[in-house]
Amino acid sequence: MPREKVKRGAGWNFDNSYARLPSTLFSRVNPTPVRSPALAVLNDSLAVVLGLVPEELQEGEGLAALAGNAIPQGAMPLAQAYAGHQFGYFTMLGDGRAILLGEQMTPSGERVDIQLKGSGTTPYSRRGDGRASLGPMLRECIISEAMYALGIPSTRSLAVVSTGESVWREMEMPGAILTRVADSHLRVGTFQYVNGLGNLEDLRVLAEYTLKRHFPDVEEDGDRYLSLLKEVIKRQAVLIAKWQLVGFVHGVMNTDNMALSGETIDYGPCAFMDAYNPATVFSSIDAEGRYAYGNQPRIATWNLTRFAETLLPLLHADPQTAVKLAEEALSEFPEQSRSHWMAGMRSKLGIFNEEGEDEALIERLLKLMHRYRADYTNTFRELMGNDSAGSALHGTSEFQQWHESWQARLVRQAESRSSSQLLMRKSNPALIPRNHRVEEVLAAAVQQGDYRLMHEFLKALSDPYAHTPEQARYATPPDASAPPYRTFCGT
Ligand code: AMP
Ligand code: MG
């Protein structure tokens, strides 16, 4: 008897808790279908973790869902409302080109947002076209997946689908849709939006929702909203320290781009630093360096202060007491972030125990790296014994002196040399998504439709602490004569 082909379906298992929130928080809107969707990238391993069937997402209904041409069963598409401070100025925003399909309930019981980015206009699109172009969506896919593999909380990329339609930026570009996966898309700006509406009850509902979704361990009785503030601060302290440790420059730390889950979100003008310099800025529109590498901890404090302001009415009935509570909580951030960073730096140097002089030792190294324009990632690789050819830093007597202090420091701990080496291997990536490499793989993919380089690159980035010989070839910094790398917001 012929066996009938069993259609398994893609495995969507949606809940829609966001759609049950007060209706001011979103607008129900469907994606706008596109002409001829084609799969550019599918993240098979992520699909499996989400309980999805990769083969089913590659064609037919599965692919149509990733293109916004079909609504998967159980989804309730909506665009989220939010506000935000952009470069310091307050604006009403909302998802102008992103649509939340719903929350996928994964086999391991997680709840994650599935969002289509570039899926057409929404009531919040203002003058935008609601679309995205292929290069920047592939770029988000590479960098977000690299961040995840580096151990940095991040939204993830399930798929990129080209639309067969053009978008106009500075010129005509191929259009694409990215399927973004996030613990949630709640932002500082979501609270700013609700606070701005002045409805205290909605603010309370949103705060409860955020607590339930991200901080379920916060006790029922007690200062729940103060705990919310403190927990958000804690997660950002971890996140920003992790950015600093790998040399990541977010580039557009507006309050609408700060996720309350503590994930890195919004890979527009971000980039990784090559030569160490705290003033590093990549974004073409950040002329003042507001979001420079070295400013990120300060900007995070600024953003968290905006978040705290929205919570004031919930913190205490007496406004002055509320402000005092918020200030106390906020004052913790710099020290928290600094101590995560210190712990990370010690690990990068193979140090297990703590000594008062460690900070000075680390600062001395950074100062030398800055002075001699040493590559940030490779300096640490070189300390692990990797090839240091071409590094001006290594030839200097100042560095030799520093190296001796470091070696002497390593002797003052119980752990062996080999454990120290092992710690360094786990703490210093073999590679980061360097800008010139990213551009190279994007050019092949977008201009020639050749995705081989991209797949090789994604593979190398997927295990950055493996230190394989194949990864070494991605370690080369850009040519010193290359013009400074620039990123753009209009993606
Ligand atoms: P971003 O810089 O990506 O955080 O975007 C800032 C705001 O602009 C958000 O509200 C986006 O949804 C919106 N936006 C960005 N690009 C577009 C576009 N092409 N069409 C409509 N809205 C957009
Ligand atoms: Mg954004």
Side-chain angles (χ1 to χ4, degrees), residues 25-27 29-32 34 68 77-100 113 115-141 143-144 147 154-157 163 165-194 196 239 249-261 263-271 282-286 290-291 299-300 303 306-307 487-491:
L25 270 161
F26 59 88
S27 297
V29 53
N30 284 340
T32 309
V34 298
L78 60 86
Q80 295 177 327
Y82 52 82
H85 276 91
Q86 298 193 301
F87 289 89
Y89 297 97
F90 187 75
T91 329
M92 291 309 244
L93 295 159
D95 287 331
R97 58 162 172 177
I99 290 178
L100 177 70
D113 276 8
Q115 192 196 61
L116 301 181
K117 182 169 170 182
S119 54
T121 53
T122 77
Y124 313 109
S125 294
R126 295 172 292 168
R127 274 174 298 171
D129 59 3
R131 293 298 186 190
S133 61
L134 180 60
M137 294 307 102
L138 294 175
R139 192 170 184 277
E140 169 155 353
C141 175
I143 300 184
S144 64
M147 291 287 274
S154 176
T155 63
R156 299 197 59 191
S157 303
T163 60
E165 296 175 8
S166 293
V167 293
W168 284 90
R169 295 300 179 253
E170 265 106 50
M171 51 181 171
E172 192 175 359
M173 316 253 232
I177 294 173
L178 172 89
T179 306
R180 180 157 74 179
V181 180
D183 280 351
S184 87
H185 286 84
L186 291 162
R187 311 144 191 269
V188 168
T190 317
F191 275 76
Q192 290 183 293
Y193 172 82
V194 175
L239 182 67
V249 184
H250 183 283
V252 61
M253 286 178 72
N254 296 332
T255 56
D256 51 304
N257 293 335
M258 184 181 261
L260 300 179
S261 63
E263 294 173 294
T264 311
I265 190 169
D266 224 310
Y267 291 90
C270 66
F282 295 105
S283 171
S284 56
I285 62 165
D286 191 5
R290 179 182 171 91
Y291 299 141
I299 289 293
N303 288 350
R306 305 287 81 76
F307 178 56
T487 57
F488 301 91
C489 276
T491 58

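Counting convention: from 1, in listed order, for ligands and their atoms alike. Residue numbers count from 1 along this sequence.
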>> Closer than 4.0 Å to some heavy atom of D95 - which atoms of ligand 1 meet that?
In response: 12 (O)
> Which atom pair, heavy atoms only, marks the closest approach of S144 to T155?
Replying inline: CB-O, 3.5 Å
>> If you compare all heavy atoms of D95 against all heavy atoms of A98, which two are closest, and at what distance to 0.1 Å?
In response: CB-O, 3.2 Å
> Would you call R169 a ligand 1 contact, heavy-atom distance under 4.0 Å?
Replying inline: yes
>> To check you understand the geometry: which heavy-atom pair defines the closest contact between T255 and V188, and what is its length?
In response: O-CB, 3.3 Å
> Would S184 and S261 count as a side chain to side chain donor-acceptor pair (under 3.5 Å) if you check the C-alpha gap in whole Å, the side-chain angles of each, and the deciding distance to 0.1 Å?
Replying inline: CA-CA 7 Å; S184 87; S261 63; 5.1 Å; no
>> At under 4.0 Å between heavy atoms, is it the side chain or the backbone of D266 that contacts ligand 1, or both, or neither?
In response: side chain
> Counting from 1, what ligand 1 atoms have a heavy atom of G94 closer than 4.0 Å?
Replying inline: 9 (C), 10 (O), 12 (O)
> Hey, does D256 sit under 4.0 Å from ligand 1 if you only count heavy atoms?
Replying inline: yes
> Should you measure from each heavy atom of Q86, which atoms of ligand 1 turn up under 4.0 Å away?
Replying inline: 6 (C)
> Looking at ligand 1, does R126 have a heavy atom less than 4.0 Å from it?
Replying inline: yes
> With respect to the Mg ion (ligand 2), what is the nearest N, O or S atom of D266?
Replying inline: OD2
> Can you name the closest pair of heavy atoms from M147 and Y267 and give their distance?
Replying inline: CG-OH, 3.6 Å
> Looking at R169 and D129, does any basic side-chain N land under 4.0 Å from a carboxylate oxygen?
Replying inline: yes
> Are any of the N or O atoms of L93 closer than 3.5 Å to those of ligand 1?
Replying inline: no
>> If I take every N, O or S atom of N257, is at least one of them less than 2.8 Å from the Mg ion (ligand 2)?
In response: yes
>> With respect to Y124, determine whether any N or O atom, backbone or side chain, lies less than 3.5 Å from an N or O atom of ligand 1.
In response: no
> atom 18 (C) of ligand 1: which of G130, G268, G120 has the nearest heavy atom?
Replying inline: G130
>> Between E263 (side chain only) and D183 (backbone N and O only), is there a donor and an acceptor less than 3.5 Å apart?
In response: yes
> Is it true that a side-chain atom of R180 and a backbone atom of L100 form a donor plus acceptor pair closer than 3.5 Å?
Replying inline: no
>> Tell me if a side-chain donor or acceptor on R187 pairs with a main-chain N or O of H185 at a distance below 3.5 Å.
In response: yes
> For ligand 1, is there an N or O atom under 3.5 Å from any N or O atom of N257?
Replying inline: yes
